[in-house]
Amino acid sequence: MHTEQLLSFQEIYDTYKNKVFNTVISYVQNTEDAEEVTQDVFIEVHRSSGSFQGKSSLSTWIYRIAVNKSLDHLKSKNRKKRFAFLTALFDEDGAVKHDHSDFHHPGIALENKENAAILFRKINELPENQKTAFILSKVEGLSYHEISEVMQLSNSSVESLLVRAKQNLRIKLEKIL
Amino acid sequence: MDKNKKIEDVLNSLEGIKSTEANPFLYNRILSKIQASGKEYTPAKIIWLAAASFLLLLFLNISAIRKAMINKNGAVYQSENTVSGYNLINENPIQYN
């Protein structure tokens, strides 16, 4: 790595590390996994920095990588879980391990921790697009316009995704509360 | 009523969420992962340039070979023309070999 590249990469890292980590942790809901995916995001940023054409802002580009890497990680984890479930069917003891532990986001105020844990569990069950729109809006605080650029959708599509995400969450919460 | 309030509370529980600090050792881990990959990542522009140069070289080689083959065929055709044109075909029953 050249010194110039190293410096600019460090600047990019310093500017976006927390934004990337916060986005990723909302998807993967586990600190160790979030660190692993954050590493993958910045390795991808370093690898693809030459091909970044500046058509979108750097922030949009990095958010897009973070969202894609998080979704890929979740897919791979779900595949592993399904495989583990199938193999467990044939285990001698037949014990199936499920990950029922609640996720407590470190940035949530103490009084909201319990409610936020319920919400994160239900966010996990949303379809990918609704999940992304909801996380970018409610956790990252991005505007409709910024979300539409990250997701490469129109503003109205983002608005409708957020409405549907809230409706779905409400239905899911009604069943458990 | 209570249920609706509880749902609203859950839905609004992310309000005021604070940004979390990434692990301070993460940057060094990323750098060592990049370096451990054992190779520098080549920018896509350079890869495309190399591919284009390779294709150009291939094209030049193929056209040079084709040109050489056409010249060779032309030479044979020309020599045949010369032989028949100047009646240089050996009609002598005496064989040279």
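A note on names: the letters A, B, ... follow the listed sequences, proteins ahead of strands, and every chain is numbered from 1.
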K.L.:
Does Glu114(A), at its CD atom, have more than 12 non-hydrogen atoms belonging to other residues, nucleotides or ligands within less than 6.0 Å?
P.N.:
no
K.L.:
Looking at chain B, which one of Lys19(A), Lys17(A), His105(A) has the largest number of heavy-atom pairs inside 4.5 Å, strictly under?
P.N.:
His105(A)
K.L.:
Using a 3.5 Å distance criterion without hydrogens, assess whether the side chain of Lys3(B) forms a donor-acceptor pair with backbone atoms of Glu174(A).
P.N.:
yes
K.L.:
Salt bridge check, Lys138(A) against Glu15(B): does any charged N sit closer than 4.0 Å to a carboxylate O?
P.N.:
no
K.L.:
Treat each ILVMFWY residue as a node, draw an edge where side-chain heavy atoms are under 4.5 Å apart, and state whether Val41(A) and Phe52(A) are in one component.
P.N.:
yes
K.L.:
To the closest 0.5 Å, what do you measure between CG (Leu14(B)) and OG (Ser137(A))?
P.N.:
10.0 Å
K.L.:
Does atom NZ of Lys166(A) have more than 12 heavy-atom neighbours, drawn from other residues, nucleotides or ligands, at distances under 6.0 Å?
P.N.:
no
K.L.:
Determine whether Tyr13(A) and Leu26(B) satisfy the following criterion, side chain to side chain contact (heavy atoms under 4.5 Å, CB included), listing intermediate values before the conclusion.
P.N.:
CA-CA 10 Å; Tyr13(A) 176 80; Leu26(B) 208 56; 3.2 Å; yes
K.L.:
Does Leu169(A) belong to the same Ile/Leu/Val/Met/Phe/Trp/Tyr cluster as Val163(A), with side-chain heavy atoms less than 4.5 Å apart forming each link?
P.N.:
no
K.L.:
Taking atom CD1 of Ile118(A) and atom NZ of Lys6(B), what is their separation to the nearest 0.5 Å?
P.N.:
5.0 Å
K.L.:
Work out which heavy atom in Asn18(A) is nearest to a heavy atom in Ala22(B); give both atom names and the distance.
P.N.:
OD1-N, 2.9 Å
K.L.:
With clusters defined by side-chain heavy atoms of hydrophobic residues (ILVMFWY) lying less than 4.5 Å apart, directly or transitively, does Ile171(A) cluster with Phe120(A)?
P.N.:
no
K.L.:
Do Asn112(A) and Val10(B) have side chains that approach each other closer than 4.5 Å (heavy atoms only, starting at C-beta)?
P.N.:
no
K.L.:
Apply side chain to side chain contact (heavy atoms under 4.5 Å, CB included) to residues Tyr27(B) and Gln10(A) and explain how you reach the verdict.
P.N.:
CA-CA 8 Å; Tyr27(B) 184 68; Gln10(A) 185 160 10; 3.3 Å; yes
K.L.:
Could you go through Leu31(B) and Phe42(A), starting from their C-alpha distance and side-chain angles, then the distance that decides it, and tell me whether this counts as side chain to side chain contact (heavy atoms under 4.5 Å, CB included)?
P.N.:
CA-CA 9 Å; Leu31(B) 280 191; Phe42(A) 281 104; over 6 Å; no
K.L.:
Do Asp40(A) and Lys33(B) touch side chain to side chain, with heavy atoms closer than 4.5 Å?
P.N.:
yes
K.L.:
Side chain from CB out, backbone as N, CA, C, O: work out which of these in Ile176(A) comes under 4.5 Å of a heavy atom of chain B, or both, or neither.
P.N.:
neither
K.L.:
Have Asn22(A) and Ser19(B) got a donor and an acceptor in their side chains that come within less than 3.5 Å?
P.N.:
yes
K.L.:
Any donor-acceptor pair under 3.5 Å linking the side chain of Asn115(A) with the backbone of Ser13(B)?
P.N.:
no
K.L.:
Nearest 0.5 Å please: distance from the CD1 atom of Ile7(B) over to the NZ atom of Lys172(A).
P.N.:
13.5 Å
K.L.:
Within this structure, what is the OG1-CD1 distance for the pair Thr20(B) and Ile108(A), rounded to the nearest 0.5 Å?
P.N.:
8.5 Å
K.L.:
For the candidates Pro106(A), Ala109(A), Ser48(A), which exhibits the highest count of non-hydrogen atom pairs separated by less than 4.5 Å from chain B?
P.N.:
Pro106(A)
K.L.:
For the pair Phe9(A) and Ile30(B), evaluate side chain to side chain contact (heavy atoms under 4.5 Å, CB included) and give the outcome as yes or no after the intermediate values.
P.N.:
CA-CA 11 Å; Phe9(A) 178 66; Ile30(B) 291 166; 4.0 Å; yes
